[in-house]
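Here's the structure we're looking at; comments come further down.
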Amino acid sequence: MTSVATPGLENAPTTHARLLAWVAEMVELTTPDRVVWVDGSDEEYTRLTDQLVEAGTFTRLEAKPHSFLAQSDPSDVARVEDRTFICSVDEADAGPTNNWMEPAEMKAVMTELYRGCMRGRTMYVIPFCMGPIEAESPMFGVEITDSEYVVVSMRVMARIGTKALEAMGTDRPFVPAMHSLGAPLEPGQADVPWPCSSTKYIVQFPEERMIWSYGSGYGGNALLGKKCYSLRIASVMARDEGWLAEHMLILKLTNPEGKVHYIAAAFPSACGKTNLAMLEPTIPGWKVETLGDDIAWMRFGEDGRLYALNPEFGLFGVAPGTGWDTNPNAMRAIDQGNSVFTNVALTDDGDVWWEGMTEQPPAHLTDWKGRDWTPDSDEPSSHPNSRFCTPITQCPILAPEYDDPKGVPISAILFGGRRKTTIPLVTQARDWNHGVFMGATLSSETTAAATGAVGVVRRDPFAMLPFIGYNAGDYFNHWVETGKSADATKLPSIFYVNWFRRDADGGFLWPGFGENSRVLKWVVERLEGTAAAVETPVGHVPTVDALDVEGLGMTREQVEAALAVQPEEWRAEVPQITEWFDKFGDKLPTTMWDELEILKSRLA
Ligand code: SAT
Ligand code: MN
């Protein structure tokens, strides 16, 4: 770490002119007490985590090496979608699904918030790279932050520090990502364990490829390489350059004959992406390996196939519901330590616990708000959006090619949401445009990953609703155009899955978790032309006999119920889709209306 007295940047470890100018400008605006250039070293990690323990932000976990528990301010626990803005020059480019403000107006508002906002604090400059630094065109960013928690978490989630800065050279482009907790300290003022502000802004300036964030320390609001860069800004780059930046896991599936398929899958936040990415198949001979659990960047390779790359370097998974029976590989990754846990409970022997980790809760815990907790307590011990932040390299089933800058060729894309009714366990699209229609109309019941009501059905196109950095109508069109530009025989096949359908008594119709390997098996057998399907109004659904349910103990009726396409349920869906599409006016590609007409006529 190099410490530099403000405002001079004489000892900065770079001569990158644009970077130096930007840092100098932000120093002058935010007036931190000191500037630290983050190098990403172990010594730095130790120093910062010691400091966080001293400040009361972190509790050191006695039971896991180099691991810490952070308890946030109870108001700062999730992404704030109503405070998230796409400040494109033209309002129409933000579209009907994003908040918008004129860039100059937003900059004026935020400049006043940023003025003096780092007083009494340290400014950290974090050079980072999303995806491998060895890539042909490495995707650099630099985050400025006044949060040690952000520095420590970014070290897990991205490739950061000296190696990124050196690769940036003197003039490589980078995404400037400005972050402040918005909690300056007056001389002598005591700090709180989780500084933040009640005023929050999470802002993307798409034309400038720039991010400004203020007031929150929570992951998706503050680790700016993640949703802000790798989805909102990258989706704009992808539109302009002819690739795809998507909210998708990437997994490698090997069948008993040793044949490999790579699958990408989009689900809204907190719908099981991490679990699917690390699935342990229950069917003999099948193997899953992990490449990514949240974000995929996909580009066409020279052979005409679509290749996916995980730009991240860590896992930022939902803790509750992650356990030895639901996701043993995540548990094994976590157990190796080097992790930051946020808003979970602390055990009396210095470990973490959350709902769903073990069947029996410990007799006593300290809950995420620091209160005594017993199994008789009224509230859960951990916040429903509490998180583990763990290096992906600790995943025991990490595929060796996870950091190949070329990416891996994708055979199938899955879309999925959380729906109690209507959507069958799995449906194969007839073709690319039908698959785009499935993505564009994806719906899910809301979760705790964002503030707001939980359990309400909303359209979440491509599981990207909060992450599309431009007009969603244009984004659908980009998907249509992507299909047109490609050799149709080489495009991935598209599927729609729903693990969350319920029976009349409210019970899940499908056991989920490791048993989802049976659905993956059918998907792969469809690609290879060996599995049977029935053509329904909504696409190809497995015949009851085509889905391998051996040993599951499900009755034929139960399998039928999980796979059923009920025309009356779908007829009720049509006006909702129409209303959804109407939002986009001229921006909606006509192919989407055509697909809706096909659906209507098939339901008639
Ligand atoms: O936004 S986060 O990346 O912090 C978590 C999520 O919502 O997927
Ligand atoms: Mn996510």
Side-chain angles (χ1 to χ4, degrees), residues 70 72 76-84 130 143 145 147 149-150 152-154 156-158 177 179 196 200 202-204 211 213 215-235 245-251 264-278 290-297 310-322 330 339-344 382-390 392 414-418 442 444-452 454 458 460-469:
S72 84
D76 196 24
V77 294
R79 282 181 294 99
V80 282
E81 294 181 3
D82 58 333
R83 307 299 305 161
T84 301
M130 300 313 295
E143 177 159 355
T145 182
S147 161
Y149 170 89
V150 166
V152 167
S153 303
M154 278 293 284
V156 176
M157 295 308 300
H179 172 254
C196 62
K200 294 179 173 47
I202 317 299
V203 179
Q204 286 69 207
I211 302 157
S213 168
S216 170
Y218 170 76
N221 302 328
L223 312 179
L224 302 184
K226 197 169 174 44
K227 303 296 167 71
C228 300
Y229 182 155
S230 294
L231 291 176
R232 297 196 191 99
I233 294 293
S235 64
E246 300 299 329
H247 194 202
M248 291 180 181
L249 65 92
I250 311 167
L251 67 82
F267 300 86
S269 299
C271 288
K273 280 199 300 300
T274 306
N275 288 347
L276 185 63
M278 295 182 194
T290 309
L291 290 105
D293 78 325
D294 198 37
I295 300 178
W297 286 351
N310 172 14
E312 299 193 280
F313 204 50
L315 311 166
F316 193 70
V318 182
T322 305
S339 297
V340 177
F341 300 88
T342 304
N343 292 336
V344 302
S382 303
H383 187 275
N385 192 43
S386 54
R387 299 274 169 167
F388 58 84
C389 178
T390 298
I392 196 167
L414 314 188
F415 294 120
R418 202 180 262 278
L442 198 156
S444 194
E445 289 139 20
T446 50
T447 68
T451 53
V454 168
R458 70 170 185 183
D460 190 345
F462 297 79
M464 282 283 281
L465 180 67
F467 309 124
I468 300 171

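Note that ligands are numbered from 1 as they come in the structure, with each ligand's atoms numbered from 1 the same way. Source: prediction; values computed, not measured.
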> What is the closest protein heavy atom to atom 5 (C) of ligand 1, and at what distance does it sit?
Replying inline: Arg387 NH2, 3.3 Å
> For ligand 1, which atoms have a heavy atom of Ala449 less than 4.0 angstrom away?
Replying inline: 7 (O)
> If you round to the nearest 0.5 Å, how far is CD1 of Ile295 from OG of Ser230?
Replying inline: 4.5 Å
>> How wide is the angle at the Mn ion (ligand 2) spanned by His247 NE2 and Lys227 NZ, rounded to 10 degrees?
In response: 100°
> Between the side chains of Thr342 and Tyr149, does any donor sit under 3.5 Å from an acceptor?
Replying inline: yes
>> Could you identify the single nearest non-hydrogen protein atom to atom 4 (O) of ligand 1 and state the distance to 0.1 Å?
In response: Gly220 N, 2.8 Å
>> Which residue and atom name correspond to the protein heavy atom nearest atom 3 (O) of ligand 1, and how close is it?
In response: Lys226 CE, 2.9 Å
> Taking the side chain as C-beta and beyond, is there a heavy-atom pair between Asn310 and Ile250 under 4.5 Å?
Replying inline: yes
> When rounded to the nearest 0.5 angstrom, what is the spacing between CG in Leu249 and OG1 in Thr290?
Replying inline: 9.0 Å
> How about Phe415 and Met248: do any of their side-chain heavy atoms sit closer than 4.5 Å?
Replying inline: yes
> What distance do Ile233 atom CD1 and Met130 atom CE have between them, rounded to the nearest 0.5 Å?
Replying inline: 13.0 Å
> Could an N or O of ligand 1 be found under 3.5 Å from any N or O of Asp294, whether backbone or side chain?
Replying inline: no
>> Which of the numbered atoms in ligand 1 are under 4.0 angstrom from any heavy atom belonging to Gly219?
In response: 4 (O)
>> Suppose we measure from atom 8 (O) of ligand 1 to each protein heavy atom; which comes out shortest, and what is that distance?
In response: Lys227 NZ, 2.4 Å
>> For the residue pair Asp293 / Thr274, report whether a side-chain donor-acceptor contact shorter than 3.5 Å exists.
In response: yes
> In terms of atom number and element, which parts of ligand 1 are under 4.0 angstrom from non-hydrogen atoms of Ser269?
Replying inline: 6 (C), 7 (O), 8 (O)
> Near Tyr218, which atoms of ligand 1 are under 4.0 Å from a heavy atom of that residue?
Replying inline: 2 (S), 4 (O), 5 (C)
> Can you name the N, O or S atom of Asp294 that is closest to the Mn ion (ligand 2)?
Replying inline: OD1
>> At less than 4.0 angstrom from any non-hydrogen atom of Phe316, what atoms of ligand 1 do you find?
In response: 4 (O)
>> Under 3.5 Å, is there a donor on one side chain and an acceptor on the other for Ser269 and Arg79?
In response: yes
